[in-house]
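The chain is numbered in sequence order, starting from 1. Just so it is clear, the structure is predicted and the values come from calculations on it, not from any experiment.
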Amino acid sequence: MSVATGTPPTLACAILARNVAVHIGDCVRSCRFADRVVVFDTESEDGTPERARQAGAEVVPTPFVNFSQARNAALAYLDTDWVFFVDADERVTPELATEVRAAIRRDDIAGWWVPRYNHIVGRVMRGGGWYPDHQLRLLRRRAASYDPARAVHELAQVQGPTGYLQGHLIHYNYDTWAQFHAKQRRYTVLEARTLAHEGVKAHPRHLITRPLQAFWRRFVTWQGYRDGRHGLRLSLIMAWYEALKYYWLLTGRV
């Protein structure tokens, strides 16, 4: 371990937000351990910016192209040594906050992966890719960037080694199945467009093989069976959206 000495490094929590008034206040309050809490609002219409300010955050209006672009905009705007990306429907636990403040003093690590508990329609997930669901979110700002061509499920590109934290984010993903399907449909469109942009070609057999692979990965390899019928239902739904993605790609509907 190598711990930096001298002036403590600075930290900002960056929150991307759009129409998340129900979540934004609690999210901001969980981030108050940081030197700055900045909400990058992408054209909300439900009072999100006002509630964020009331909770103590700075608010920066941000045009939205895709998630990678929005995160790059946040990295360019901020001037802190470290940036901790927290989604509006996530909460930072006190244990994680303490660990983050200690981690940013390390001068041998450029980014940290954070596990999170996912709450999906009344259940805290134990498998199926929903746990431990590590996210590369704590970044040395000058060493990180995002591929702007990756529209969804973006991953930071970090210049330097990364480590793993033990404290958790709490992720309140979906309260209802309707919310789950609406978001998965949006994600599926973006994923299909990304594949098309990358020149990936679909074959009719992919309508069978890709969903089967997705189901096996989530329910068996990633132990979705640990969540019983809830895990089975989620694995089947995700397999369906995998089929839909390749159908749209095959038919050019993206």
How far does [atom1] of [X] sit from [atom2] of [Y], to the nearest 0.5 angstrom?
{"X": "R142", "Y": "T80", "atom1": "CZ", "atom2": "OG1", "value": "10.0 Å"}
{"X": "E95", "Y": "Q166", "atom1": "CD", "atom2": "CD", "value": "12.5 Å"}
{"X": "L78", "Y": "L139", "atom1": "CG", "atom2": "CG", "value": "11.0 Å"}
{"X": "R71", "Y": "L155", "atom1": "CZ", "atom2": "CG", "value": "10.5 Å"}
{"X": "N118", "Y": "Y131", "atom1": "CG", "atom2": "OH", "value": "10.5 Å"}
{"X": "H230", "Y": "W130", "atom1": "NE2", "atom2": "CH2", "value": "9.5 Å"}

Without swapping roles, check the side chain of [X] against the backbone of [Y] for a donor-acceptor pair under 3.5 Å.
{"X": "Q54", "Y": "P49", "answer": "no"}
{"X": "E90", "Y": "D87", "answer": "yes"}
{"X": "S68", "Y": "Y146", "answer": "no"}
{"X": "T98", "Y": "P94", "answer": "yes"}
{"X": "T62", "Y": "V60", "answer": "yes"}
{"X": "N66", "Y": "P148", "answer": "yes"}
{"X": "D46", "Y": "T48", "answer": "yes"}

So if you build clusters from Ile, Leu, Val, Met, Phe, Trp, Tyr with side-chain heavy-atom gaps below 4.5 Å, do [X] and [Y] land together?
{"X": "L136", "Y": "F84", "value": "no"}
{"X": "Y77", "Y": "V39", "value": "no"}
{"X": "I104", "Y": "I109", "value": "yes"}
{"X": "L249", "Y": "Y241", "value": "yes"}
{"X": "M238", "Y": "L236", "value": "no"}

Please check if atom [atom1] in [X] has more than 12 non-hydrogen atoms from other residues, nucleotides or ligands closer than 6.0 Å.
{"X": "R32", "atom1": "CZ", "answer": "yes"}
{"X": "Y247", "atom1": "OH", "answer": "no"}
{"X": "H181", "atom1": "NE2", "answer": "yes"}
{"X": "I208", "atom1": "CD1", "answer": "no"}
{"X": "R140", "atom1": "CZ", "answer": "yes"}

Exercise for review: Give the intermediate values and the outcome of side chain to side chain contact (heavy atoms under 4.5 Å, CB included) for residues V121 and T176.
Suggested key: CA-CA 5 Å; V121 194; T176 67; 5.7 Å; no
Heavy-atom check, side chain of [X] versus side chain of [Y], under 4.5 Å:
{"X": "L195", "Y": "Y246", "result": "yes"}
{"X": "W177", "Y": "I237", "result": "yes"}
{"X": "F180", "Y": "L234", "result": "yes"}
{"X": "D133", "Y": "P115", "result": "no"}
{"X": "V114", "Y": "L96", "result": "yes"}
{"X": "C13", "Y": "F33", "result": "yes"}
{"X": "D227", "Y": "R123", "result": "yes"}
{"X": "Y172", "Y": "H119", "result": "yes"}

Practice item. Evaluate the criterion side chain to side chain contact (heavy atoms under 4.5 Å, CB included) for residue pair S145 and N72; output intermediate values, then yes/no. Key: CA-CA 6 Å; S145 64; N72 282 332; 4.1 Å; yes
Practice item. Show your reasoning for whether side chain to side chain donor-acceptor pair (under 3.5 Å) applies to T10 and D35. Key: CA-CA 6 Å; T10 53; D35 301 299; 5.2 Å; no
Can we say [X] and [Y] salt-bridge, meaning some charged N sits less than 4.0 Å from an Asp/Glu carboxylate O?
{"X": "D79", "Y": "R141", "answer": "no"}
{"X": "D175", "Y": "K183", "answer": "no"}
{"X": "E242", "Y": "R218", "answer": "no"}

How close do [X] and [Y] get, counting heavy atoms only, and between which atoms?
{"X": "L169", "Y": "V86", "result": "CD2-CG1, 4.4 Å"}
{"X": "V92", "Y": "C31", "result": "CG2-SG, 4.0 Å"}
{"X": "V158", "Y": "G111", "result": "CG1-N, 4.1 Å"}
{"X": "W112", "Y": "L165", "result": "CE3-CD2, 3.4 Å"}
{"X": "M125", "Y": "I120", "result": "CG-CD1, 3.8 Å"}
{"X": "A239", "Y": "F215", "result": "CB-CB, 4.0 Å"}

Point to revise | Derivation of the side chain to side chain donor-acceptor pair (under 3.5 Å) call for Y174 and Q184 | key: CA-CA 11 Å; Y174 313 98; Q184 292 307 318; 3.1 Å; yes
**Study point:** Option among V38, I24, D41 that satisfies the side chain to side chain contact (heavy atoms under 4.5 Å, CB included) test with V59
**Key:**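 The passing option is D41.
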**Study point:** Member of R116, H168, H23 meeting the side chain to side chain contact (heavy atoms under 4.5 Å, CB included) criterion with R91
**Key:**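 The residue from R116, H168, H23 that satisfies side chain to side chain contact (heavy atoms under 4.5 Å, CB included) with R91 turns out to be H23.
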Check your understanding: D147 and Q157: side chain to side chain contact (heavy atoms under 4.5 Å, CB included), yes or no, with the steps?
Key -> CA-CA 8 Å; D147 179 359; Q157 301 167 328; 3.7 Å; yes
Practice item. Carefully, step by step, assess R101 and L11 under the rule side chain to side chain contact (heavy atoms under 4.5 Å, CB included). Key: CA-CA 8 Å; R101 293 300 321 192; L11 170 70; 3.9 Å; yes
Practice item. Test the R18-F64 pair against the cation-pi criterion, namely NZ or CZ under 6.0 angstrom from the six-membered ring centroid and within 45° of the ring axis. Key: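 No, a cation-pi geometry is absent between R18 and F64.
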Exercise for review: Using the test ring pair (Phe, Tyr, Trp, His ring centres under 6.0 Å), find all partners of H171 that sit at least two apart in sequence or belong to another chain.
Suggested key: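 Ring pair (Phe, Tyr, Trp, His ring centres under 6.0 Å) list for H171, sorted by chain: empty.
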Practice item. Anything under 30° is parallel, anything over 60° is perpendicular, the rest tilted; go ahead and classify W113 against Y164. Key: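 Ring orientation of W113 relative to Y164: parallel.
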